[in-house]
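Written below as structure tokens is the structure these notes are about.
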Amino acid sequence: MITKRTQVGIIGAGPAGLMLGRLLMEQGISSVILETKTRDYVESRIRAGVLENGTVELLKDAKADYRLKKEGQTHNGLEFSINGQRSRIDLNHFSKGKSVIVYGQTEITIDLISTHIGSGGEIIFNADNVLPNKFDTSKPNITYQHNNINYQLDCDFIAGCDGFHGVSRLQIPIKDQTIFERKYPYAWLGILAEAPPPSNELIYATHERGFALFSMRPPSRSRSYLQCSPDLDLNKWPDTRIWDELQTRLGSKTESPVCEGKILAKGVTPMRSFVVEPLRYGHLFLAGDAAHIVPPTGAKGLNLAMSDIQYLSDAFLNFYKNNSTAGIDNYSKKALSRIWKTERFSWWMTSVLHKIENESSFDNRIRLTELEYLLSSEAAMSSLAENYVGLPF
Ligand code: FAS
Ligand code: PHB
């Protein structure tokens with residue numbers, strides 16, 4: 001067994017773990033990031049696409065925003081399509097001057113990894129049997145195997161940034177956890193295509209046949225989603241069927257056709273809301289998808305991981321620079337406050353835009369009335385806008 005030492009041991013090289021490693025390094029705090037997959041695998045995952053201002057600021061602090069500044073697309077509005085009737089919501093006006101940036105999570109991951117390694121940061125890919133230990137003591141460690149050699153990483157703190165299916169949350173005694181969860185009776189079939197999107201802004205479409213979302217990956221690709229059954233068989237969804245369904249749910253071809261092209265990736269994302277409380281167990285801290293999941297309708301998953309990391313990196317900085325435990329003692333309460341507000345918005349936007357199979361006529365009419373009220377009320381659009389561009393970190 002080879003023993004190594006660092007100040008913060010980070011499990012997971014997704015956006016949460018990478019951003020934490022970057023911010024700590026910029027403050028002179030040492031960390032080691034342990035990742036179970038290969039670098040190629042991590043850098044090829046296709047996920048989120050919309051960045052809140054807080055996330056953009058963190059990427060700047062992490063010195064990983066060079067490409068974002070060149071390639072990111074600023075969006076000042078988005079559209080809702082209700083059974084083919086299109087309405088634009090001026091996010092910039094209703095959020096008093098804010099906007100979002102469209103830039104893929106895939107690119108963020110690539111930028112964070114290259115910046116961290118380029119700055120001398122340590123990311124261990126292909127780490128096996130990663131396990132946080134003794135986090136209920138003042139001498140926690142993480143054991144793992146790499147190239148068939150056993151390691152023990154001694155550290156002051158462990159950050160569990162290993163996603164919903166990671167190992168960290170599972171090491172915490174069930175009696176010490178409170179789980180809050182909602183599973184939705186639908187999923188999203190997502191495609192990435194070499195084809196322009198039907199509009200230069202995102203379109204959230206609700207239709208009698210179900211929800212569809214039209215997003216993009218600048219400069220030439222579209223990222224689209226169809227509400228589908230959670231157990232959808234992709235083999236029964238050839239490209240032609242996907243394109244036809246996207247056009248149907250968007251409405252008439254006249255206003256803006258759905259441009260077809262080569263589908264580069266296809267996948268089904270389940271929909272769930274999930275929170276575990278609290279987020280701290282002794283010297284182990286959960287952040288990002290390891291701590292919470294939101295349905296992607298509100299474009300919040302990645303951004304919520306970033307606000308967790310803002311709070312956690314500030315807490316570690318406060319400990320090491322000011323010898324104060326105030327930040328780490330308050331991390332869970334502070335992060336959960338923003339997590340729950342984001343869970344609420346993501347649940348609301350999902351529920352109002354997705355038609356549940358055999359939805360009662362009353363529930364269907366209430367849902368459509370909710371949308372009609374939203375589009376007719378400045379107060380309602382201001383509320384949507386302030387949540388969509390991102391509540392303050
Ligand atoms: P991540 O899951 O990104 O990263 C966790 C990392 O930990 C991974 O690299 C994993 O390999 C690693 N890991 C796991 N177990 C480990 C172990 N035992 N040891 C070491 N490493 C381990 N959000 C949006 O806002 N919009 C979207 O459209 C959207 N689409 C999504 C589609 C899919 C299929 C999924 C799964 C999520 C999607 N999300 C979306 C949410 C997503 O963007 C997450 O919020 C974001 O990746 C969270 O980042 P992390 O917390 O870093 O977790
Ligand atoms: C995306 O571009 O992948 C995307 C955008 C907005 C969402 C979800 C996903 O709400």
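Ligands are counted one by one from 1 in listed order, and the atoms in each one are counted from 1 as well.
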*Compare Arg47, Lys300, Lys37, Arg45 and give the one whose heavy atom is closest to atom 9 (O) of ligand 1.*
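Minimum heavy-atom distance to atom 9 (O) of ligand 1 goes to Arg45.
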*Who's closest to atom 43 (O) of ligand 1 heavy-atom-wise, of Met306, Gln105, His292, Arg223?*
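It is Gln105 whose heavy atom sits nearest to atom 43 (O) of ligand 1.
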Is it true that, when you exclude [X] itself, more than 12 heavy atoms of the residues, nucleotides or ligands shown sit nearer than 6.0 Å to its [atom1]?
| X | atom1 | value |
| --- | --- | --- |
| Glu357 | CD | no |
| Lys4 | NZ | yes |
| Lys333 | NZ | no |
| Gln152 | CD | yes |
| Asn323 | CG | no |
| Trp237 | CH2 | yes |
| Lys134 | NZ | no |
| Tyr41 | OH | no |

Counting each atom of ligand 2 from 1 as listed, which ones have a heavy atom of [X] under 4.0 Å away?
| X | value |
| --- | --- |
| Leu202 | 5 (C), 6 (C) |
| Val50 | 5 (C), 6 (C) |
| Thr297 | 10 (O) |

Which of the numbered atoms in ligand 1 are under 4.0 angstrom from any heavy atom belonging to [X]?
| X | value |
| --- | --- |
| Gly14 | 4 (O), 6 (C), 9 (O), 52 (O) |
| Leu34 | 20 (C), 21 (N) |
| Ile11 | 19 (N), 20 (C) |
| Gly166 | 15 (N) |
| Gly288 | 51 (O) |
| Gly163 | 2 (O), 5 (C), 53 (O) |

_Of Leu23, Leu20, Ile10, the residue whose pairing with Ser31 passes side chain to side chain contact (heavy atoms under 4.5 Å, CB included)_ =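 In the set Leu23, Leu20, Ile10, the residue that makes a side chain to side chain contact (heavy atoms under 4.5 Å, CB included) with Ser31 is Ile10.
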Nearest protein heavy atom with distance in Å, relative to [atom]:
| atom | result |
| --- | --- |
| atom 3 (O) of ligand 2 | Tyr225 OH, 2.6 Å |
| atom 11 (O) of ligand 1 | Glu35 OE2, 2.7 Å |
| atom 24 (C) of ligand 1 | Ala48 CB, 3.2 Å |
| atom 21 (N) of ligand 1 | Thr36 N, 3.3 Å |
| atom 41 (C) of ligand 1 | Asp289 OD2, 4.1 Å |
| atom 8 (C) of ligand 2 | Pro296 O, 3.2 Å |

_With salt bridge (charged side-chain N to carboxylate O under 4.0 Å, His left out) as the criterion, how do Arg5 and Asp156 come out once you've worked through the C-alpha distance, each side chain's angles and the decisive distance to 0.1 Å?_
CA-CA 9 Å; Arg5 169 92 192 133; Asp156 300 327; 2.4 Å; yes
_ligand 2 versus Ser215: contacting region, heavy-atom distance under 4.0 Å_ =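 The side chain, only.
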*Salt bridge check: are Arg86 and Glu79 linked by an N-O gap of less than 4.0 Å?*
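Salt bridge between Arg86 and Glu79, a charged N being under 4.0 Å from a carboxylate O: yes.
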*Check ion pair Lys60-Asp65 (N to O, under 4.0 angstrom)*: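 Answer for the salt bridge query: no.
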At under 4.0 Å between heavy atoms, which part of [X] makes contact with ligand 1: side chain, backbone, both or neither?
| X | value |
| --- | --- |
| Tyr225 | side chain |
| Asp162 | both |
| Cys161 | backbone |

*Main-chain N/O of Pro392 paired to Arg338 side chain as donor or acceptor, under 3.5 Å*: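 At least one qualifying donor-acceptor pair exists.
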*asked:* Test your reading of the model: is there a side-chain donor-acceptor pair from Thr106 to the backbone of Arg45, 3.5 Å cut-off?
replied: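 Side chain of Thr106 to backbone of Arg45: a pair is present.
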Side chain or backbone, does [X] bring an N or O within less than 3.5 Å of an N or O on ligand 1?
| X | result |
| --- | --- |
| Ala287 | no |
| Gly301 | yes |
| Thr269 | no |
| Leu302 | yes |
| His165 | no |
| Ala16 | yes |

*May I ask whether Ala299 has any heavy atom positioned less than 4.0 angstrom from an atom of ligand 1?*
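Contact check Ala299 vs ligand 1: positive.
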*Mind listing the closest non-hydrogen atom pair of Tyr204 and Leu78 along with its distance?*
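Smallest heavy-atom distance, with atoms named: CE1-CD2, 4.1 Å.
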*asked:* Could you check whether Arg367 makes a cation-pi contact with Phe362, meaning its NZ or CZ is under 6.0 Å from the centre of the six-membered ring and within 45° of the ring axis?
replied: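 Not satisfied by the 6.0 Å and 45° rule.
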*Trp188, any N or O under 3.5 Å of ligand 2 N or O*: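 Checking ligand 2 against Trp188, no N or O pair falls under 3.5 Å apart.
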_Heavy-atom gap Arg47 to ligand 2 smaller than 4.0 Å_ =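 It does; at least one heavy atom falls under 4.0 Å.
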*Any heavy atom of Met349 sitting closer than 4.0 Å to ligand 2?*
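It does not, in that no heavy atom of Met349 comes within the 4.0 Å cut-off of ligand 2.
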*How far apart are the C-alpha atoms of Glu245 and Arg249, what are their side-chain angles, what is the distance that settles it, and do they pass the salt bridge (charged side-chain N to carboxylate O under 4.0 Å, His left out) test?*
CA-CA 6 Å; Glu245 194 62 33; Arg249 296 188 191 183; 2.9 Å; yes
